[in-house]
Amino acid sequence: MRMSLCTISFRHQLVSFAAIVDYMKKERFDGVEMWGVHAMGMYEQDRRASEERLSELEDAGMSVSMLSDYLDIGSEEAFASAERKCDKLIRLAEWLGTRRIRTFAGGVSSAAIESAERELYTERLRKLCRRCEGHGMQLVVETHPGTLADSLDSTLTLLSDIGGHRLKLNFDVLHVWEFGGDLMQTLHVLEPWIEHFHFKNIASPSRVSLFEPGNIYSASGDRDGMVPLAQGFLDYRKVAEEAARIDCFASLEWFGPSPFEALSVDVAWLRKLSWSFAP
């Protein structure tokens, strides 16, 4: 398992990419998941210095695991803009040296969407997949409430309707738990499409609303109940063992306070845990 951090963890802190790279080297991360807003700012405002830091990442054996953004497929008008944005993200991903672009499968839950609208969403995602594929990129959708990837059945239908392996998954463990059912069984079923993981935890199931977008993106949002991986109600031991077997990146997605300190705790725990997986 290769471990990365998400720059979105620093969305409310004034932290430079240089400081993040220095920290990643110190804590021996394997990569970094770039939030689209941060990546675009680096490219447009401080490209030369950013390229030096990206080279430093590469020299240290690290890489950009994924470029994470949002492509709106909710209407024809929005999709026209999403296609243009997708082209920008492709160029940005090439610059970063990553082949994964993360988005969401719409903004309507699978239980609420009408069949005709679902067909439109699926076709728009298919077009984005083809657009990415033409440039050697992999489009990745996140398992997430309020999207077409918010249950096992709907996610499998989406993958089947897109066809082949054009679409892959960012398997967000906590959000897959929200699917209901057996978490590990769901992981095994979806394994052929898993391209990336998100790891995060909370103190109790009653606090899952902490990860609703309105709370996450608010600088004054509630953070009480966001806890390190080893301290939450989800047992990450089995998940981490499976992730190690699949051999892809797992991003430590921390939305609480003091991200440097919290991420250090999580990466140290996972590294210690991974030693027990060794034959």
Side-chain angles (χ1 to χ4, degrees), residues 2-11 15-18 20-21 24 29-73 78-106 124-144 147 149 158-159 162 164-172 193-198 246-253:
R2 288 164 286 162
M3 289 174 278
S4 59
L5 63 78
C6 305
T7 66
I8 197 173
S9 297
F10 303 94
R11 68 207 177 284
V15 177
S16 68
F17 186 55
I20 292 173
V21 170
M24 289 171 59
F29 275 88
D30 301 296
V32 58
E33 179 183 334
M34 296 296 306
W35 194 27
V37 173
H38 290 158
M40 187 58 70
M42 288 165 53
Y43 183 80
E44 293 181 344
Q45 299 166 23
D46 200 11
R47 191 179 311 177
R48 183 173 179 178
S50 297
E51 287 173 349
E52 291 176 358
R53 285 298 180 168
L54 289 169
S55 294
E56 189 177 334
L57 269 183
E58 186 177 359
D59 291 343
M62 297 182 286
S63 62
V64 177
S65 68
M66 188 161 67
L67 174 61
S68 292
D69 214 294
Y70 318 92
L71 296 167
D72 191 346
I73 59 172
F79 183 62
S81 177
E83 287 184 299
R84 293 190 294 271
K85 184 176 183 181
C86 186
D87 290 340
K88 291 181 181 179
L89 292 176
I90 288 169
R91 292 193 294 271
L92 195 55
E94 290 173 339
W95 177 69
L96 291 168
T98 186
R99 55 178 291 274
R100 301 176 191 89
I101 297 175
R102 194 281 329 252
T103 188
F104 290 92
R124 290 166 189 155
L125 275 174
R126 187 181 293 113
K127 289 179 179 178
L128 292 175
C129 286
R130 290 171 178 161
R131 211 175 192 96
C132 289
E133 189 177 9
H135 294 271
M137 297 291 163
Q138 176 64 64
L139 191 68
V140 178
V141 295
E142 185 161 326
T143 54
H144 201 282
T147 72
L158 178 66
L159 293 166
I162 295 292
H165 277 66
R166 283 199 172 96
L167 187 65
K168 293 292 184 70
L169 298 175
N170 179 48
F171 190 99
D172 186 300
W193 296 276
I194 295 175
E195 185 78 9
H196 201 278
F197 284 92
H198 270 175
I246 296 171
D247 188 31
C248 61
F249 275 101
S251 281
L252 312 185
E253 196 178 35

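Residue numbers start at 1 and run along the sequence shown. Any value given below was found using the heavy atoms of this structure, including those in side chains, with hydrogens, waters and symmetry copies removed.
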Sequence-distant partners of Arg126, side-chain contact (heavy atoms from CB on, under 4.5 Å), two or more places apart: Thr122, Glu123, Arg130, Asp161, Ile162
Minimal non-hydrogen separation, Asp172 against Thr143, with atom names: N-OG1, 2.9 Å
Closest non-hydrogen atom pair, Cys6 against His198: SG-NE2, 4.1 Å
Quick one: sort the Trp193 and His165 rings into parallel, tilted or perpendicular, breaks at 30° and 60°. parallel
Do Leu167 and Val141 touch side chain to side chain, with heavy atoms closer than 4.5 Å? yes
Does the Arg102 side chain pair with the main chain of Met66, one donor and one acceptor, at a distance under 3.5 Å? no
To the nearest 0.5 Å, atom OG of Ser63 lies from atom CD of Glu58 at 9.0 Å
How would you list, by chain and number, every residue that makes a side-chain contact (heavy atoms from CB on, under 4.5 Å) with Ser16, sequence neighbours excluded? Ala18, Ala19
Straight-line distance of Leu159 CG to Leu169 CG, nearest 0.5 Å: 5.0 Å
Could you measure the distance from the CG atom of Asp59 to the CD atom of Glu52? Nearest 0.5 Å is fine. 11.5 Å
With a 4.5 Å heavy-atom cut-off, do Leu57 and Met24 have their side chains touching? yes
Do you know the tightest heavy-atom contact between Phe10 and Ile20? CD1-CD1, 3.8 Å
Charged tip of Arg2 within 45° of Phe249 ring normal and under 6.0 Å: yes
Where Thr147 and Ala105 come nearest, the two heavy atoms and their spacing: CB-O, 3.5 Å
What's the separation between atom CG in Leu89 and atom CG in Asp69, rounded to the nearest 0.5 Å? 5.0 Å
Counting distance only, does the side-chain N/O of Asp30 pair as donor-acceptor with the main-chain N or O of Met3 below 3.5 Å? yes
Has the side chain of Lys127 got a donor or acceptor atom that lies under 3.5 Å from a matching backbone atom of Phe79? no
Residue pair Ser65, Glu33: steps toward the side chain to side chain donor-acceptor pair (under 3.5 Å) verdict: CA-CA 5 Å; Ser65 68; Glu33 179 183 334; 4.9 Å; no
Sequence neighbours left out, what pairs pass salt bridge (charged side-chain N to carboxylate O under 4.0 Å, His left out) with at least one residue falling in residues 86-97? Asp87-Arg131
Compare every heavy atom of Arg166 with every heavy atom of Gln138, then report the nearest pair and how far apart it is. NE2-O, 2.7 Å
So, Ser9 side chain and Glu253 main chain: donor-acceptor pair closer than 3.5 Å or not? no
Determine, for Glu56 against Arg53, whether the closest basic-nitrogen to carboxylate-oxygen distance falls under 4.0 angstrom. yes
Taking the side chain as C-beta and beyond, is there a heavy-atom pair between Trp35 and Leu67 under 4.5 Å? no
I'd like to check Met34 versus Leu96 (side-chain heavy atoms, cut-off strictly below 4.5 Å). Are they in contact? yes
Rounded to the nearest 0.5 Å, what separates atom SG in Cys248 from atom CD1 in Ile194? 7.0 Å
